[in-house]
Amino acid sequence: MHPALAVIFLTLFSGGGFGIMALTAIVNDLQIDGGLNPLQTMIAVILSLVFVSIGMLSSTAHLANPKNAWRAFTRWRTSWLAREGVFAVLYYPFAVLYLLWVFFTSGTHDVAGLILLNLAGVIGLITIFCQGMIYAVLRTIRQWNTALVPANFYVMGLAIGATVLAAERIIVGAPAGTLVGIALALLAASAVMKGIYYFWISRPGGPTIRTATGFNRSTVRILEQGHTFGTFLTEEFGHTLSAAKARSIKVIMYIFAFVIPIAALVIGIVTGQSAFAWIAVLSVVFGIGVERWLFFVEAQHVVNLYHGRQQC
Amino acid sequence: MRLGLVIDLDTCVGCHACAVACKEWNTSGTTAPLTDYDPYGAKPSGVWFNRIRHFEVGDYPYNKTINFPMSCMHCENAECVTVCPTGASYKRAEDGIVLVDQNKCMGCNYCSWACPYGARELDRVSGTMKKCTLCIDRIYDMEIPEEERQPACVLTCPAHARMFGDVDDPESPVSRAVRERGGYQLMPELDYNPTNHYLPPRVHAPIPIEELKKKAVRKVKEWVNRVVER
Ligand code: SF4
Ligand code: SF4
Ligand code: SF4
């Protein structure tokens, strides 16, 4: 698949933003590390809103005909993309109301505040599920047609959220022991989940050029693709990555997405140096961005069989 | 009623006439135009509803060239319609034709991801998704003679490799052809249940080229040729 930056940003940033919201809810519900004070809470909510908005705006930028974008909410009965839009929009009023509530009352975990906060958190989590399902329902792309996709989106969105909150606490010098522990656990879980996913998609399977053409008992080779230059189909679906290159990019991805953030958070909490907290956040966002890029490039749409690929 | 095409892989000669006729008709049809990008330049490309690929099936000497025209299969389980968030993509209940409402499409490409057969192409200029309409603006046109109420590709095919009709009616010519010739659907494992069917090549005894005895004169001629070349 074509790794369009706009769609990469959609799940990367909005997933991270919803992760921040969900983690804020958990931290303030349970008063983890003493809970976030009003200022920290507002920073976290604003960060969540900014992340989600980056995701939403870049996904709108991806549309070829954005003037009809408002129609995207209409088919929520069948389309996960429509459902994602509905929940993403529903998240805003609750997040903004909670922000205003904290601003005006300074109450981060009174009943009214907590109701708003938890609703925003839960709606965010539902949106992440819808985002995963956008990809997971496609039978045309074996690498996406698995429950591991929404599971990966969850654990990585939450890992970004926990890293951001832990970093925030380190930067302002507030106690962050439990939060860093949560972030480390989520980062490690993400690394494992991604490993499971890579193992899963590395096994051959899915339609072949034989079933695509119906010559099930013969070898089939492409002679001519039938077009002079590229087409929409080759542009959108033709991207591939050699196995060697994919492996080295995965190593880079693991280092930036998981190894550096884990190390930086540990050093950050031990030394109290805010520079390490910043490194953790930038590194995890960049690393998971690379992970999303791989997610697209490695997805092999079955239409490639009609352009000569033997198996997808 | 389930309208669609049946394509005979035995007789298709891969001339691309169907694709050209399709482009000509539809570039002024209901989802017009079929935009071209850089048509006379170094990188010619553009929107087509029908594309013909060419495959080699089997190994020498039992190999065969198969020309493979593909357009929208007007699937029964049209996931392209299910996933469309705007309702621009729809499947007509009365005849099963899958269409894109150009006034509603927002150009998100999602439906093209859901289509296994590469039938949908985004028009960069209009920003909307385009695809085969089964020439809906021909087949129901009462102004033209009845025998011309067929898709442009079917009318134009010089090899009569394309048939149009109702696959729901067991006695229609298309249903009979599918039954008698062992017509099949592409990638049945994905369960899209496409309406279009493909008729496999008829089985002929292979021409025995290996065993042909070479005449003595030809042998001498070949030997001379080899010597002269040196
Ligand atoms: S061939 Fe593709 S575009 Fe046509 S109905 Fe089937 S899934 Fe939809
Ligand atoms: S590109 Fe148009 S027709 Fe296709 S899913 Fe998006 S809105 Fe629907
Ligand atoms: S016009 Fe007929 S013979 Fe020519 S490519 Fe199309 S189906 Fe094949």
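Protein chains get the first letters and strands the later ones, always in sequence-line order, with residue 1 at the start of each.
Y197(A) OH: more than 12 foreign heavy atoms inside a 6.0 Å radius. Other residues, nucleotides and ligands contribute at most 12 non-hydrogen atoms within 6.0 Å of the CD atom of E24(B). Within 6.0 Å of atom CZ in R217(A), 12 or fewer heavy atoms from other residues, nucleotides or ligands are found, so the atom counts as exposed in its surroundings.
The part of I52(B) that comes within reach of chain A is its backbone (N, CA, C, O), which places non-hydrogen atoms under 4.5 angstrom from that chain. Both the backbone and the side chain of I222(A) come within contact range of chain B, judged by heavy atoms closer than 4.5 Å. Only the backbone of C84(B) comes within contact range of chain A, with at least one heavy atom under 4.5 Å from a heavy atom of that chain. With a threshold of 4.5 angstrom between heavy atoms, E236(A) approaches chain B through side-chain atoms but not through N, CA, C or O. With a 4.5 Å cut-off on non-hydrogen atoms, E56(B) touches chain A through its backbone and its side chain both. When heavy atoms are compared at a cutoff of 4.5 Å, H301(A) approaches chain B solely by way of its side chain, counted from C-beta outward. The parts of I134(A) that come within reach of chain B are both its backbone and its side chain, each placing non-hydrogen atoms under 4.5 angstrom from that chain. W144(A) touches chain B through its side chain: at least one heavy atom from C-beta onward sits under 4.5 Å away, while N, CA, C and O do not. For chain A, the nearby parts of E121(B) are the backbone and the side chain; heavy atoms of each come within less than 4.5 Å. The contact between R124(B) and chain A is made entirely by side chain atoms (from C-beta outward), counting heavy-atom distances below 4.5 Å.
In terms of non-hydrogen atom pairs under 4.5 Å with chain B, the most contact-rich of A212(A), A82(A), A299(A) is A212(A). Comparing I209(A), T211(A), V7(A) by heavy-atom pairs within less than 4.5 Å of chain B, the highest count is held by T211(A). Contact tally against chain B (heavy-atom pairs below 4.5 Å) for Q225(A), K67(A), R75(A): the top residue is R75(A). Counting heavy-atom pairs under 4.5 Å between each of P201(B), C115(B), S126(B) and chain A puts C115(B) at the top. Comparing P116(B), S45(B), A119(B) by heavy-atom pairs within less than 4.5 Å of chain A, the highest count is held by P116(B). Of the listed residues (V57(B), V83(B), D123(B)), the greatest number of heavy-atom pairs within a distance under 4.5 Å of chain A belongs to V57(B).
Qualifying ring pair (Phe, Tyr, Trp, His ring centres under 6.0 Å) partners for F51(A), counting only residues two or more places apart in sequence or in other chains: F13(A).
Taking each heavy atom of M133(A) and Y110(B) in turn, the nearest pair found is O-OH, 4.3 Å. Across all their heavy atoms, G58(B) and S218(A) have their closest contact at N-CB, 3.9 Å. Minimum interatomic distance between L122(B) and A64(A) (heavy atoms only, all atoms of both residues): CD2-CB, 3.8 Å. Nearest heavy atom pair, residue F55(B) against residue L305(A), reads CE2-O, 4.1 Å. The shortest non-hydrogen separation linking L81(A) to C108(B) is CD2-SG, 4.0 Å. R139(A) and L190(B) get closest at one heavy-atom pair: NE-O, 2.7 Å.
If you take CE on M1(A) and CG on N109(B), they are separated by 8.0 Å, rounding to the nearest 0.5 Å. Atoms OG1 and CD, from T78(A) and E79(B) in turn, are 9.5 Å apart once rounded to the nearest 0.5 Å. In this structure, CG in N103(B) is found 7.5 Å from CZ in R71(A), a value given to the nearest 0.5 Å. Between the CG atom of L63(A) and the OG1 atom of T128(B) there is a distance of 12.5 Å, given to the nearest 0.5 Å. Between the NE2 atom in H227(A) and the CZ atom in R51(B) there is a gap of 7.0 Å [rounded to 0.5 Å]. Between the CZ atom in F68(B) and the OG1 atom in T213(A) there is a gap of 5.5 Å [rounded to 0.5 Å].
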For this session: Please test D59(B) against T219(A) for side-chain hydrogen bond (donor to acceptor under 3.5 Å, both in side chains), starting from the C-alpha separation and ending with a verdict.
Result: CA-CA 7 Å; D59(B) 295 307; T219(A) 51; 3.0 Å; yes
For this session: Kindly determine whether N68(A) and T86(B) satisfy side-chain contact (heavy atoms from CB on, under 4.5 Å), including the steps that lead there.
Result: CA-CA 8 Å; N68(A) 277 341; T86(B) 61; 5.5 Å; no
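In this pair, Y184(B) and F215(A) present their aromatic rings perpendicular. The plane angle is above 60°, beyond the 30 to 60° band.
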